[in-house]
Structures are given as structure tokens and as C-alpha cells.
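Data first, discussion second: the structure below is written as C-alpha cells.
To find a chain, count down the sequence lines: A is the first, B the second, and so on, and within it residues start at 1.
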2 protein chains.
Amino acid sequence: MITLADVARRAGVSVSTASKALNDRRDVAESTRAKVRAAADDLSFVPNRVATSLLSGRTGTVGLITHDLEGRFSIPLLMGAEDAFGLNKVSVLLCDARGDRLREQYHLGVLMERRIDGLIVVGARTDTRSSLGQDLPVPVVYAYAPSDDPEDCSIVSDNVRAGALGVEHLLSAGRTRIAIIAGDRTYGAATERAQGAVARLAEAGLEPLGGQPVFGAWTEDWGRAGTHAVLARHSEVDGVLCGSDQIARGALDALRDAGREVPADVSVVGHDDWEILVTGSRPPLTSISMNLEDIGRLAARRLEEAMEGRPSHGVEAVVPRLVVRGSSVS
Amino acid sequence: MITLADVARRAGVSVSTASKALNDRRDVAESTRAKVRAAADDLSFVPNRVATSLLSGRTGTVGLITHDLEGRFSIPLLMGAEDAFGLNKVSVLLCDARGDRLREQYHLGVLMERRIDGLIVVGARTDTRSSLGQDLPVPVVYAYAPSDDPEDCSIVSDNVRAGALGVEHLLSAGRTRIAIIAGDRTYGAATERAQGAVARLAEAGLEPLGGQPVFGAWTEDWGRAGTHAVLARHSEVDGVLCGSDQIARGALDALRDAGREVPADVSVVGHDDWEILVTGSRPPLTSISMNLEDIGRLAARRLEEAMEGRPSHGVEAVVPRLVVRGSSVS
DNA sequence: CTGAAAGCGCTTACAG
DNA sequence: CTGAAAGCGCTTACAG
């Protein structure tokens, strides 16, 4: 490996002068700078950032510990973070903790040895998770799943708003007999989305068909079963708000089986805007995106601020976005 | 930040002795070692790996440049790599190149400055990609998309074998009138899978319905359209091998629309074994997995070997695996 | 068994 | 404008 000393030797200057020349510091003669640059080019010199890191105490790396096995959240978040940090400024050390607290601790230890400048922790579900504590030597931002310590900084999706957004869209499409087929009731994302939807219905003087949301599982199976049940008891249904895109896919199937036209007879709206599920359905599925990249970007920004000495505290929610496709309006 | 010097001072020994004590080297008195350990514990000493890296010339980091936007491949690959390397040995710097060669070059430059010990490059599709060249100072392994330089080491999925595997399964389910609804013909994955399927049919003295595979797109829409066309021209069809799970989802829909029972009348097999698509369908979809984690694991192993001075060359294919669900046999 | 010294590759005051 | 010296935090021969 070529070192700065090699470059200096070839340019006929001292190491310190070579350093200054390459780092665009003034008080170097232009002719000297040119000589050094030429030497560096000739030798294909690539500065060793490990040395700079040791010297400056900053590595320009950020740890990203994820619990999201399928990569549904991590990659968009990573993309958002890369955008926010800038490619040359910060590199991301990605660690997969697989929902395991021990594995998380282990990764945390390794990251501390590597002297990361900051840490983003991505949860597998939106529910609150236990804090890593306040005595870590670097700032931490929790993304997607907020920390249970209000002292921490957490960036989440506004699921209540997302539910309301779905209802608003159905109302604006002229729907008033709306069923809410929610997800797994043990998940905050399921109850919050349902809660936001119910509240927004109430504002309009309505309530969901059957008086309340029906909870089930995050599956197409449940989407089908739930929709069948709704059809049996409330055949007047003209709108279905589903807790996820998978549930919505099941709902579309069940409505088709029952001979209902979507969106002519019934409008269907999902949650998550998961590309693979929403584009292929008949018709394509209107859905509510959590804007995961925005969550990543905001998490990165808050982390950057904290690294610069201006930490944030508490939970900040990213506003979801409605993506209209053929399943809700014609 | 606590340094080894702090620990040494507190333990009343020299820095070198403290180093030896903590690194389990012999020629340290047990009593001294205990003293040093106690001091390190008291101070919550976390060794600075940046210093070690500078000294040893090895950082214990590996770059992973991915072009896979949705994270369909990267995360399983990362998991496989983490498994293979061992969590404490190697950390992964993940870079998202987004299919952009410039972005890739940029990330490559940053990774070189960070003195990674090795590099894995993950393609977005299985087609051959251009090599990063032979004059990189660290070993490179190409995963999923092979390099066009046979001198490089590439780990791919055996798509030909995958196609054959699908046909074998359909044959063993007693199917002989098999349609092949392939993916986008501009993708190697589409043509190779189809080719493997056709060859395996030929071995059994058969050919696909219509004489050859039909190509289209990687979408559910195409799966529906292709299947409708097959039903119109070859109503005797009793097996459908699809180029992807999305296509297979479309096929299931089309068969249901046409009143065909799956798997009683027709068996359907997909490719990729994409969890989100295969479990929710009616019935759940039999599919052929590329074993992405195995690709990641093998890529990591080959990279490790290369880092230890035993490089591999050429393309190595990971054998796919049939995952049987309700769409092919009852 | 212990510790002083050198050095990994760089940057940064500080003399000249 | 240039360069010798010190130092970032650690490990490793080498004396003692």
C-alpha cells in the first residue's frame, strides 16, 4: 500500500508538506501542490482513513442495527440515511440483530470498539422497545420502533394519522358504509391505524360497519375471512380500509368472489404501500405509505445534529402519504 | 474515552503489560492480569479497534455494494455473510449503489480509503456484469450477478437447475401437459430457467405446451394474461411452471377465474420463494428458492479464503431448492 | 515477568 | 512556504 511518505518522497518534499498540499490547506506553494498531486496520481495514492480516524477521534461511520429480517424497512431506511449523510461523509455499518436482544448487545459492543460516531436502531415492529440506556458514548436514534425512554430520540411513522388518511380518502370517494379490517391486535401499528380511522369516521358522524374495527392477523387469509364476514353481516358495505396491503389483497379476492366490483361497488385501501403487493393486484391497490425513506432521512438528520452536539429528545412522527391507485376510485 | 493508558495507570503497570494482560498473552503473572482486568472493568474500558487496525493493516471490515433496491437479495445475503464471517471477526459496510455505475465507483473509492479487507458486490439481476478489474488491492467476490471476467470469483444461483427442478416436481406430480410461462426474456434468469425446464421436459420425451416457453414480464399481470392464453389454446394443461412467484400469483388467479382447481386439475410452481407472495395465495404456492442466504454464506467463505491468500476464480453456482406447498400437490 | 521504545499512517502546531 | 517533532491508541520485539 502506498503511503503519504511514498508520495512525499517522490515529490521531493516532507510528509507534512505533502499532507497540506493534498488537503488543500493554504501556505503551500502552488508549484509544490502540483508536484505532490502529480506524485499522488502517479502512485495511485489512496489516503488511509484509519489513520485520520485515530487522529481525529471520529471515524465517519454510523452503526445501523436492524431487527427487520425481511429487509422491508432496513433498506429504504438505509437509503434515506445515505442520502441525508452524504456518501463521502458517513459510511454505514449494518448489523442484523434478528429480534434477539443478546445479538443486539453483541453488535453494540463491536460497534463501540469500532468507534462509530452514532447509532441508528431499527425495530421490527412499531411498538415501543426498551432503551439502550443513556450512558452510551455516542448518540442513538431509534427508527420505526420508538424507545421507551422519553430522553431518547425516536423517529416513527404516524399510524394514527395513517388510519385517518385512509378514511378521509374513502369519504372523499363518496363511501360511508366503511368496514375496518385491522391487523394483529397485539401490534401497535394495528390498533393505532384502527384508532385513527375510527376517530376520523366519528368526526364525520359515522362509525365503522359493525360498530368497531375487526382485528385478525397480518395475512391475506385474514383479509379474505374478514371481508367475507363483513359481506355476510353488512352487505351494504361500500368501503374497506385494511390494516395492511396483505389484508387488502385478501379483501380484493373476497370481494371478487362475492361478485362485487372494485372500485365501482366497493373501494379498498391498504397500508404500507408495499410495491410487490400493490402493483400486481386487480385493480392495483390504493395504499398508505409510511414514507420509510423519509424516516431514514430524518433519523440520519437527527443523528447528525446529535453528533454535532444538538441532540433531540422524544418521539417524532413522519407523516404518511396516500398513494391512490385503481382500487379506490375509477 | 478511556484508553489503555488509563487502565495501565489504574492497575499500576505499564501500557505494554496492560496490553498483554488483556490480550491473554502469556508471560504475564496471573496476579497482574487480574489487576489489569479489574481496572479495565472498573473503567468500562472498550479497546479502540481503530488503533489496532492501523497497526495490523487489517480493519476486519468488508464492503458490501448492492444494486438491489428493494432489498430482496441484500438482506438475506448479508445474513448469510454475517453467519459465515462470525459477528466479532468482520463487520459489514453496506453501500447502496442503486444500479448506478458512478455511484458504485464512488462507494468503491470510499471503501478503499476505509481499508476494507474484502468486497462483495451484489447485482440487481442475475445477468453478467462488468468486472471491477484485477488491480484492486483487496479481493472481490461477485454475488448473484457474476463478473464478466473469468479471473474474478462469482457466486450465482443455478437458474438452469432451478427450471429443471420445477419440471421434475411437476412430472413427479403426474403432470405431462405443462406450460412454461417465463419472465422477461431480456433477463438471463428468465431464459435460463426456461432453458432448464425445456431440457428436463425433453429428457422425459416431452415439450412444453405450444412447443416452447412463452416470455413476458415479471408481473402478475403477465401471469394472468399468459395463463389465459394457454387456457385458450391448450385447455388440456395440467401443469404451469412460472418464471417467478409474481407470475405464478397471476396464474393462480387466471386458473381460478377459468374454474380450474389447483392443485386437483392443474399444478402451479413459481420461482424465488418470496415469502410475502407464496404464503398468502390460494392455495399457498410451491416455489423454487435460490437459497440466497447460502449464496451469501458461500460468497463470504470464498472472500475469506481469498483474504487468506487462497483466491477462487470463475463462477460457482448454488443449487436451488424446491419448497412444496399446496399449489402443486394435494 | 515487566516496561521502555519504536512504529502503524496520518495531521497539526511550531520553528525556521 | 517548508519540515522536524509530537501524538492519536495500540502492539510487538527487545532489554532487563
Side-chain angles (χ1 to χ4, degrees), chain A residues 1-40 43-61 88 110-117 137-138, chain B residues 1-40 43-61 88 110-117 137-138:
Chain A
M1 264 293 170
I2 304 296
T3 71
L4 187 59
D6 298 324
V7 174
R9 195 173 310 118
R10 174 175 255 256
V13 298
S14 73
V15 175
S16 30
T17 298
S19 170
K20 284 172 217 156
L22 292 179
N23 289 309
D24 286 326
R25 327 233 6 274
R26 310 178 277 124
D27 28 280
V28 176
E30 264 318 313
S31 60
T32 308
R33 193 189 305 284
K35 257 194 319 190
V36 175
R37 282 215 184 110
L43 298 170
S44 301
F45 172 64
V46 179
N48 186 341
R49 263 178 100 150
V50 176
T52 331
S53 294
L54 183 57
L55 218 36
S56 70
R58 313 196 88 227
T59 54
T61 58
N88 53 334
V110 172
L111 291 174
M112 290 305 127
E113 292 187 353
R114 293 196 181 284
R115 294 297 192 265
I116 52 171
D117 295 332
V138 298
Chain B
M1 263 295 170
I2 305 297
T3 70
L4 188 59
D6 299 323
V7 175
R9 195 172 312 117
R10 175 175 255 255
V13 298
S14 72
V15 176
S16 31
T17 299
S19 170
K20 285 172 215 155
L22 291 179
N23 289 308
D24 287 327
R25 330 238 355 279
R26 308 179 279 124
D27 30 280
V28 175
E30 263 321 312
S31 60
T32 308
R33 191 188 306 284
K35 259 195 316 190
V36 175
R37 283 216 182 108
L43 297 171
S44 301
F45 171 65
V46 179
N48 186 341
R49 263 177 98 150
V50 176
T52 331
S53 293
L54 183 57
L55 218 38
S56 69
R58 314 196 86 226
T59 55
T61 58
N88 51 336
V110 172
L111 292 174
M112 290 304 128
E113 292 187 352
R114 293 195 180 284
R115 295 297 192 265
I116 52 171
D117 296 332
V138 298

Between atom [atom1] in [X] and atom [atom2] in [N], what is the gap in whole Å?
{"X": "Asp24(B)", "N": "dT12(D)", "atom1": "CG", "atom2": "P", "result": "13 Å"}
{"X": "Arg33(B)", "N": "dC1(C)", "atom1": "CZ", "atom2": "P", "result": "10 Å"}
{"X": "Asn23(A)", "N": "dA13(C)", "atom1": "CG", "atom2": "C1'", "result": "15 Å"}
{"X": "Ile2(A)", "N": "dC8(C)", "atom1": "CD1", "atom2": "C1'", "result": "16 Å"}
{"X": "Arg114(A)", "N": "dG9(D)", "atom1": "CZ", "atom2": "C1'", "result": "16 Å"}
{"X": "Arg49(B)", "N": "dG9(D)", "atom1": "CZ", "atom2": "C1'", "result": "15 Å"}
{"X": "Leu22(B)", "N": "dC10(D)", "atom1": "CG", "atom2": "P", "result": "10 Å"}
{"X": "Leu43(A)", "N": "dG9(C)", "atom1": "CG", "atom2": "C1'", "result": "15 Å"}

Side-chain contact test, heavy atoms from C-beta onward, threshold under 4.5 Å: evaluate it for [X] versus [Y] and give yes or no.
{"X": "Arg10(A)", "Y": "Leu43(A)", "value": "yes"}
{"X": "Val138(B)", "Y": "Asp117(B)", "value": "no"}
{"X": "Glu113(A)", "Y": "Thr52(B)", "value": "no"}
{"X": "Arg115(A)", "Y": "Val46(B)", "value": "yes"}

Do any N or O atoms from the side chain of [X] and from the backbone of [Y] form a donor-acceptor pair under 3.5 angstrom?
{"X": "Arg33(A)", "Y": "Arg26(A)", "result": "no"}
{"X": "Arg114(A)", "Y": "Gly60(B)", "result": "yes"}
{"X": "Asn48(B)", "Y": "Val50(B)", "result": "yes"}

Tell me which of Ala51(B) and Asp27(B) sits closer to the 5' end of DNA chain C, going by the nucleotide each one is nearest to.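 Nearest-nucleotide comparison on DNA chain C picks Asp27(B).
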Any side-chain N or O of [X] below 4.0 angstrom from OP1/OP2 of [N]?
{"X": "Ser19(A)", "N": "dT11(C)", "result": "yes"}
{"X": "Thr3(A)", "N": "dC8(C)", "result": "no"}
{"X": "Ser14(B)", "N": "dT2(C)", "result": "no"}
{"X": "Ser16(B)", "N": "dA4(C)", "result": "no"}
{"X": "Asn48(A)", "N": "dC8(C)", "result": "no"}

Picking from [options], which would you name as closest to the side chain of [X]?
{"X": "Thr32(A)", "options": "dC8(C), dC1(D), dT12(C)", "answer": "dC1(D)"}
{"X": "Leu4(B)", "options": "dC10(C), dT11(D), dG3(D)", "answer": "dT11(D)"}
{"X": "Lys20(A)", "options": "dT12(C), dC10(D), dT11(C)", "answer": "dT12(C)"}
{"X": "Val28(B)", "options": "dA4(C), dT2(C), dG9(D)", "answer": "dT2(C)"}
{"X": "Leu55(B)", "options": "dG9(D), dC1(C), dC10(C)", "answer": "dG9(D)"}

Ranges pairing with ranges for DNA chain D, where each run has three or more Watson-Crick or G-U pairs under 3.5 Å: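 Expected stems, ordered by start: C:1-3 with D:14-16, C:5-12 with D:5-12, C:14-16 with D:1-3.
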For Val13(B), which contact category applies under a 4.0 Å heavy-atom criterion: base, sugar-phosphate, or nothing?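 Val13(B): backbone/sugar contact only, no base atoms under 4.0 Å.
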Partners of Ser56(A) by side chain to side chain donor-acceptor pair (under 3.5 Å), sequence neighbours excluded?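 Per chain and number, Ser56(A) pairs via side chain to side chain donor-acceptor pair (under 3.5 Å) with no residue.
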